[in-house]
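Written below as C-alpha cells is the structure these notes are about.
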Protein chains: 2
Amino acid sequence: MTATVREVAKRAGVSAMTVSRVINGGVGVRPATRGRVEQAIADLDFFPNRIARGLTSSKTGAIGLIVPDLVNPFFTVVLRGAEMVARRAGYRVLLCNTESDLTLERSYIEDMMSHRVEGLIVAPVNDNSRLNLSPLMRRGLPFVLIDRGVPGVDSDLVQADSAAGARRLMQHLTKIGHRRIAFIIGSDDVSTTRERARGYREGLAAAGISVEADLVIQTTVDRIGGYRAMQQILRLESRPTAVFAVNNMTAMGAMETIREAGLSVPQDIALVCFDDVEHLAVLSPFMTVVDQPAEKFGTLAVQLLLERIGGRAGERSRLVVLQPELIVRHSCGVQFRTSRSRSSGAPGVA
Amino acid sequence: MTATVREVAKRAGVSAMTVSRVINGGVGVRPATRGRVEQAIADLDFFPNRIARGLTSSKTGAIGLIVPDLVNPFFTVVLRGAEMVARRAGYRVLLCNTESDLTLERSYIEDMMSHRVEGLIVAPVNDNSRLNLSPLMRRGLPFVLIDRGVPGVDSDLVQADSAAGARRLMQHLTKIGHRRIAFIIGSDDVSTTRERARGYREGLAAAGISVEADLVIQTTVDRIGGYRAMQQILRLESRPTAVFAVNNMTAMGAMETIREAGLSVPQDIALVCFDDVEHLAVLSPFMTVVDQPAEKFGTLAVQLLLERIGGRAGERSRLVVLQPELIVRHSCGVQFRTSRSRSSGAPGVA
DNA sequence: TTGTAAGCGTTATCAC
DNA sequence: GTGATAACGCTTACAA
C-alpha cells in the first residue's frame, strides 16, 4: 500500500538506516545524500509507518484522554486545551468517551495500554474507578487525574476547588436575600459532588441557615436528571426561592422543567450552577455560575503528564487546585455587571 | 514494561502461537491448554501489544475522524455517533481537530496515514481541502466526506440538503410576514455556505422578494464573526426585521450583539439559524432553527467507511443526503408548538 | 491441536 | 557519514 524505508533506500542508493536518519531530522547525513533520499521519498510518496516505529522505540508519541461525557462542553474545552499542548510537544491525543460507564472505562483503559500510549489523562467516572486505574499503577504507566480525585489512588491530580466555588455561590445567594436554596446533586461517590455539597453546607452555615433535607435532591448528573430533580422541587409545598444545580447539564434540564411549568428565571425562581456553558451562555437568561477554567484542566494535565513521561517529575504526586470564579449574571435575581468580557463584553475582543 | 506473548508462552509451557490463538478468541485450542494460557496471562498481567499486531496484520483497528471545530456541538455529536458505531465494530476513532486550518488539516491527514488508520472520515475545511485529500486518493485509502463536499473529489459523501433547509427557513419567515431578511454568511469556498446561500435566494424569490446586497453579510463562521456581522446589520439605516445566521456559532455571536444593544429577540428583531444547539437550546429565547441530524452524520459515515474498508462497497462513490428539519420556536416571532419532544417536551422522555 | 520459521517496517547498536 | 545486523512483539503460513 505504501513504500517502506528499504524501498526508499534502494531508490536513493543508500541503506535503510540513512533513510531513517533523514526522516528523523537528518542529523549526521551529508546534504547531498540527504537530498537524494528526500527525492526518493517524494518519488515514492513515502510516509513513515509510525506503528513500526513505536514497536522498536516504544515511543509511540501518543497519550490517551479519557472523559466521562464528551457532549458536555466542559470536557470538550478540556480536550481542546489538551490537544493543543500535546500537539506542540509532538504528541497525539487518543480520545475515549466513557459515557460514565465503569465497564467502558475499564475497557478503554485496557485499550490504551494495548495501544501503548505513553501516558494517560483520566477524568474518572467515580470512586469505583480505582479498580480500573489499578492496572496503570501496577505497571507504572504515568497518568494524571483531572476534575475528580479517586480515594486510594495516589497520582497527579488537577482539580478545581469545588467546595470554595459552592461556598461562593451560596454566599452570593444568601447575600441577596435567598434563604431557602435547593441543591440538585449527583451521586455521592464522585469527589466533586462531595466537595460541592460541603461548600453548600458551609456556605449556608456561614449565613446561619441550616440544611433542609427536603431541598437536597439527588439525581443523575445529566440533563434528564436535572429535569426530574426540578420537577420534584416544584412539587414541594413550600417552594425554595433559589436552586443550585451541581453542574451545567443538570442546570439545563432544570431550565427545561421551569419553562414547561410556565415559570421564569429569575422572577419565579433563581437558578445557578457550576460550569460556564461558554459560548452558549449568550442565550438569556444569563446564568450566574461558578466557572471552572476548563481549558487549563487540559493544558496543565498534559504538562504534568509530559513531565512525568520525560522523567522530570519526581516520585511525589502533585496536586494542582484551580480556583473557580463566580460570575454573577441574571439568573440569580440581581442585575450585576461583572468585569468579565465573557459576560458583558464581546466574545474574545477587547 | 509489560510481558510478551513469548513470556506468557513460556510460563504456560506452550508456544507463542498458542498464546496468540488464545488472545484472539481461542478457536482450535484445547480447553485445558487454553486455561493454562489464561492463567499465565493473568499471572503476568499481560496486555497484547496492538502496535505489534498492527504491524503484521495491517489491521490496525483504527479509523480517523477529522473535523474543523470540536467545540461546535454539531461536531461533538457527530463524534459521539461515529464512536458508537465504530466501537461496536471493534474499531477505535482517532480524533483530529483542524480548527479550520488547512495546514493543520494536511498534517493531520499525513499523521493518520502514518498511523496506518484503515480509513478516514473528514469534514473538510473548504474547497482547498482537495489538495490535502489527494494523498488519500493516490494511495486508495478509503475515506468518507461529511457535511461538506469538495469539488474535484470523488468520494462517499454524507451531507444535509442545505439548500432545502434554507428554503424552508425563508419560506417560514416570509409566510409570517418578514420581507427584509438579512443573511450572515461564511466564506464562499465551503459547499454548505454556497448551498445555504442558494436556498436563501430561492426562498426569497419564491416569495417574490429580491436579494438586497446590503443584507448579505459575509464573515467568519464562528461566534466572533456572527457578533461583528450583527453589529454591521444593526448599523444599517433601514434595519431588517429578521436575520438568518448560517450556523449555530454565528447565531450565538449575533445574539450577543443584540443583547448588548439592549434589543431583544424576537420583539425587536427575529433570528433563525442552521443547526440546533441541542441540549443548550433550552435557554430562551428558543431558537427557530433548521436542525441537522448530527449523530446520523457520524453513524452513517462510519457505516459507509467500514463497508468500503471491508471491500463491500463497489467502485462508485455514494452520496447520502439527509433532510434537515425546520423547528419553529420563538425566535422568529411566532409562538408555535411543534411535535418535537426536544422543543416542547422532556429531554429524551416520552 | 500445537509448533516452527519467517517477516511486518522501523530503529539501536556497533562497525567501518 | 554510512551501513550491516539484530531486534521490537506479534501473526501468517505451513508443518507436525
Side-chain angles (χ1 to χ4, degrees), chain A residues 1-38 40-41 44-62 90 110-111 113-118 139 141, chain B residues 1-38 40-41 44-62 90 110-118 139:
Chain A
M1 178 150 163
T2 180
T4 72
V5 274
R6 261 185 272 273
E7 292 168 300
V8 173
K10 192 168 160 194
R11 187 170 231 274
V14 298
S15 78
M17 247 340 272
T18 300
V19 176
S20 175
R21 290 190 181 101
V22 169
I23 62 185
N24 286 294
V27 286
V29 179
R30 195 180 307 161
T33 317
R34 179 183 171 147
R36 289 211 315 284
V37 172
E38 279 167 347
I41 287 175
L44 295 175
D45 200 18
F46 165 80
F47 281 86
N49 185 330
R50 282 216 182 202
I51 301 272
R53 188 178 295 184
L55 192 55
T56 31
S57 66
S58 85
K59 299 283 299 170
T60 56
E110 292 178 352
D111 203 41
M113 295 197 299
S114 279
H115 270 284
R116 296 300 189 265
V117 293
E118 299 181 35
R139 71 192 59 210
L141 187 64
Chain B
M1 177 149 163
T2 181
T4 73
V5 273
R6 260 184 273 273
E7 292 169 298
V8 173
K10 194 167 158 195
R11 187 169 230 276
V14 298
S15 77
M17 248 338 276
T18 301
V19 176
S20 175
R21 289 189 182 103
V22 170
I23 63 185
N24 285 294
V27 285
V29 179
R30 193 180 309 161
T33 318
R34 181 183 170 147
R36 290 211 316 283
V37 171
E38 280 168 346
I41 288 175
L44 296 174
D45 201 17
F46 165 79
F47 281 85
N49 185 331
R50 280 218 184 200
I51 300 275
R53 188 180 297 186
L55 193 55
T56 30
S57 66
S58 86
K59 300 283 298 171
T60 56
E110 292 178 352
D111 204 41
M112 289 296 98
M113 295 198 300
S114 280
H115 270 284
R116 297 299 189 267
V117 293
E118 298 181 34
R139 71 192 58 211

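The figures that follow rest on heavy atoms only: side chains count, while hydrogens, waters and symmetry mates do not. Below, chains carry the letters A, B, ... as their sequence lines are ordered, and counting in each starts from 1. Every value quoted in this text rests on a predicted model; they were computed, and no experiment measured them.
- If you take CG of Leu55(B) and C1' of dT11(C), they are 12 Å apart, rounded to a whole angstrom.
- Across every non-hydrogen atom of Ala3(A) and Leu44(A), the tightest pair is CB-CB, 4.0 Å.
- No salt bridge links Glu7(B) with Arg11(B); every basic N to acidic carboxylate O contact stays at or beyond 4.0 Å.
- Of the side-chain N and O atoms in Thr18(B), one or more sit less than 4.0 angstrom from OP1 or OP2 of dG3(C).
- Where Pro48(B) and Gly13(A) each meet DNA chain D at their nearest nucleotide, the meeting point lying more 5' is that of Gly13(A).
- For Thr4(A), counting side-chain heavy atoms from C-beta on, the closest listed nucleotide (dT2(D), dT10(C), dT1(C)) is dT10(C).
- The two atoms that bring Val22(B) and Ile41(B) nearest to each other are CG1-CD1, 4.5 Å, heavy atoms only.
- At whole-Å resolution of the value, NZ in Lys59(A) and P in dA12(C) are 11 Å apart.
- At dC8(D), none of the side-chain N or O atoms of Asn49(B) fall inside 4.0 Å of OP1 or OP2 (strictly under the cut-off).
- The nearest whole Å value for the distance from the CZ atom in Arg36(A) to the C1' atom in dG1(D) is 12 Å.
- Protein atom NZ of Lys10(B) is 18 Å distant from nucleotide atom C1' of dT4(C), rounded to whole Å.
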Criterion side chain to side chain contact (heavy atoms under 4.5 Å, CB included) on Thr2(A) and Arg116(B), from CA distance to verdict: CA-CA 10 Å; Thr2(A) 180; Arg116(B) 297 299 189 267; 3.1 Å; yes
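- Within 4.0 Å of Arg50(A), counting heavy atoms only, lies no atom of the nucleic acid at all.
- Remark: Ser20(B) is not in phosphate contact with dC10(D), judged by side-chain N or O atoms under 4.0 Å from OP1 or OP2.
- Note: CD1 (Ile23(A)) to C1' (dT11(C)) measures 9 Å, nearest angstrom.
- The base of dG9(D) is not paired with the side chain of Arg116(A) by any donor and acceptor separated by under 3.5 Å.
- For Arg6(A) against dT10(C), a side-chain N or O and a base N or O form a donor-acceptor pair under 3.5 Å.
- Between Arg21(A) atom CZ and dT13(C) atom P the separation is 12 Å, expressed in whole Å.
- Checking the phosphate oxygens (OP1, OP2) of dT2(C), a side-chain nitrogen or oxygen of Thr33(B) falls inside 4.0 Å.
- Taking every side-chain heavy atom of Thr56(B) into account, dT11(D) is the closest of dT11(D), dG3(C), dT1(C).
- Atom-to-atom, CE of Met17(B) to C1' of dG7(C) comes out at 14 Å; the value is rounded to the nearest Å.
- The distance from atom CZ of Arg53(B) to atom C1' of dG9(C) is 18 Å, rounded to the nearest whole Å.
- Closest-nucleotide positions on DNA chain C for Ala52(B) and Ser15(B) were compared, and the one nearer the 5' end corresponds to Ser15(B).
- Residue Val5(A) is classed as a base contact, given a heavy-atom separation below 4.0 Å to a base.
- For Arg36(B) against Val14(B), the heavy-atom pair with the smallest separation is NH2-CG1, 3.6 Å.
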